[in-house]
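All heavy atoms count here, side chains included; hydrogens, waters and symmetry mates do not. Lettering of chains follows the sequences in order, A, B, ..., and the numbering in each one begins at 1.
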There are 2 protein chains.
Amino acid sequence: MPDVEDTLTNALRRRIIDGEFAPGTRLSEISLAEKLGVSRNTLREAFRVLSEQGLVEHVPHRGVSVASPTVADVVDIYRARRYVEPAALSAASPLHPAVAMMREAVEQGEASLEERDWRTVGSANMAFHDAIVALADSPRLERLFRDIAAELRLAFLEIDNPEALHAPFVALNRSMLETFLAQGGPAAAAELQDYLVLSERTVLGAFTRLRHG
Amino acid sequence: MPDVEDTLTNALRRRIIDGEFAPGTRLSEISLAEKLGVSRNTLREAFRVLSEQGLVEHVPHRGVSVASPTVADVVDIYRARRYVEPAALSAASPLHPAVAMMREAVEQGEASLEERDWRTVGSANMAFHDAIVALADSPRLERLFRDIAAELRLAFLEIDNPEALHAPFVALNRSMLETFLAQGGPAAAAELQDYLVLSERTVLGAFTRLRHG
DNA sequence: TGGCATCGATTGTTCAACAATGGTAGTCGG
DNA sequence: CCGACTACCATTGTTGAACAATCGATGCCA
């Protein structure tokens with residue numbers, strides 16, 4: 001059954017992001033290959049891709065483990081986000097197709113908030129920011145964001161207070177969308193700057209509490 | 001002889017960037033593995049990494065070939081550069097260690113210009129912009145730039161007028177550095193914006209002449 | 001000339017083997 | 001009792017061979 005490759009990489013990606021393997025977990029080639037029903041060589045090719053994407057850490061002769069973002073990683077991720085997201089939003093047109101994605105993400109977030117499904121709230125928030133990056137129409141920036149968003153999800157996984165982590169931002173997303181539509185990109189970008197500062201502080205706070213407390 | 005892996009990836013990277021395999025060249029697994037003295041499986045792992053970095057294009061069942069950037073790729077690369085480079089320069093401190101790298105790159109460029117070694121001029125220009133990105137102190141942004149810079153080099157390889165491509169920018173780099181030191185980041189960033197517009201136009205001009213001329 | 005079946009070369013994947021490395025457990029000496 | 005050393009063992013790194021699946025080309029036929 002050839003061409004399992006891409007599917008395998010994506011399947012592994014999703015499993016890791018979904019938290020099936022906790023951050024830091026060692027991924028044994030032999031047992032995982034057996035579990036997934038593929039050969040070691042095929043699995044290793046997938047590992048290389050995931051390693052390049054930052055989802056998995058590869059240490060020579062010690063195998064790969066699910067990435068476990070450090071505080072420095074979180075700081076860097078937010079730094080990169082501040083470079084890309086506000087600029088993309090600021091320069092965007094309200095007629096851009098991705099605006100529909102932004103709206104859908106906001107509505108999904110509000111619906112999931114109602115049901116107290118924090119996990120889905122988090123996904124919706126991510127989808128919102130993914131849509132913002134999509135406004136830039138740049139495959140390379142989208143790829144960057146896809147990778148750092150995946151890493152960020154790993155950080156989220158280690159924080160077991162998803163409500164505090166995701167719930168407050170649904171309203172901010174709604175507000176940002178309305179600002180964008182009513183007052184244009186630059187005004188919304190200003191909001192986004194504050195949003196990212198707040199989000200970073202929230203994550204870092206929970207994170208340091210987790211690590212040394 | 002284990003641990004050939006990373007070395008292999010880097011060796012292939014350099015060979016491709018240096019133009020040993022022209023853009024578009026098909027890289028046969030069997031013959032290349034034999035040539036490099038590694039097994040097919042090992043080579044395939046390296047291919048996955050290079051493919052993820054955009055240096056090589058992988059088409060299922062048709063193998064990998066050296067990437068051959070399209071006009072759309074060049075446009076996107078410059079779009080990404082405009083997002084990252086001016087912002088990094090604008091926010092930077094003149095005391096940042098990377099400033100020394102900028103100066104070295106400028107001087108290298110001027111020296112190579114004297115010797116009419118356009119290839120090295122191009123490398124020095126790239127090093128200059130690499131240093132600008134380094135000002136941001138962000139591993140993830142550096143990785144993004146490393147990848148798109150490699151892709152851009154592939155585009156340069158296809159244009160056989162390296163003098164027009166690289167020579168004019170040495171003086172602009174020097175000027176930008178002086179502006180940065182004398183007037184600070186924002187003023188230099190403004191120059192960089194114009195620089196990138198000019199550079200993109202230069203590349204695209206040569207490129208379209210090449211493709212349908 | 002244009003459509004079609006066949007063939008050949010290449011990729012996708014698996015398996016088995018061995019070398020090299022790193023961690024671990026057990027041993028020895030203090 | 002504790003720390004350093006050693007031998008072992010599980011795992012990774014890499015190879016080579018094998019076979020299935022696919023793509024492109026070759027040559028055939030109308």
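Listed by chain and number, the residues in a ring pair (Phe, Tyr, Trp, His ring centres under 6.0 Å) with Tyr195(A) are His129(A), Phe169(A) (sequence neighbours excluded). Checked against side chain to side chain contact (heavy atoms under 4.5 Å, CB included), Asp130(B) has the following partners two or more places apart in sequence or in another chain: Phe145(B). Applying the side chain to side chain contact (heavy atoms under 4.5 Å, CB included) rule to Glu20(A) yields the partners Arg15(A), Lys35(A); only residues at least two apart in sequence or on another chain are considered. Residues that satisfy the side chain to side chain contact (heavy atoms under 4.5 Å, CB included) test with Ser68(B), not counting sequence neighbours, are Pro23(B), Glu158(B), Arg211(B). Applying the ring pair (Phe, Tyr, Trp, His ring centres under 6.0 Å) criterion to Phe128(B), with sequence neighbours excluded, gives no partner residue.
Between the CG atom of Leu8(A) and the C1' atom of dT14(C) there is a distance of 14 Å, rounded to whole Å. Here the P atom of nucleotide dA10(D) and the CD atom of Glu34(A) are 16 Å apart, to the nearest Å. Summarising the geometry, the separation between CG on Leu32(B) and C1' on dT11(C) is reported as 14 Å, rounded to the nearest angstrom. Residue Glu29(B) contributes atom CD, which lies 14 Å from atom C1' of dG16(D) at whole-angstrom precision. As rounded to whole Å, 15 Å separates atom C1' of dC19(D) from atom CG of Asn41(A). When the P atom of dG12(C) is taken as reference, atom CD of Glu45(B) falls 14 Å away, rounded to whole Å. The nearest whole Å value for the distance from the CG atom in Leu43(B) to the C1' atom in dG13(D) is 15 Å.
A donor-acceptor pair under 3.5 Å is formed between the side chain of Asn125(A) and the backbone N or O of His166(A).
Of the candidates dG12(C), dT12(D), dG13(D), dG13(D) carries the atom nearest the His58(A) side chain, counting heavy atoms from C-beta on. Each of dT11(C), dT12(D), dT15(D) was ranked by its minimum atom distance to the side chain of Thr42(B); first place goes to dT15(D). Closest contact between the side chain of Ile30(B) and the listed nucleotides dT11(C), dC15(C), dG22(C) involves dT11(C). Checking dG23(C), dT11(C), dT12(D) against the side-chain heavy atoms of Arg44(B) singles out dT11(C) as nearest. Here dT22(D) is the nucleotide among dT12(D), dA16(C), dT22(D) with the atom lying nearest to any side-chain atom of His61(B).
Side-chain atoms of Arg40(B) and base atoms of dG12(C) include a donor and an acceptor less than 3.5 Å apart.
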Considering only nitrogen or oxygen atoms on both sides, find all protein atoms under 3.5 Å from nucleotides 5-8 of chain C and state each distance.
none

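Electrostatic pairing of Arg82(A) and Glu200(A) counts as a salt bridge here, judged by a charged N lying under 4.0 Å from a carboxylate O.
Residue Arg62(B) places none of its side-chain N or O atoms closer than 4.0 Å to OP1 or OP2 of dT10(C).
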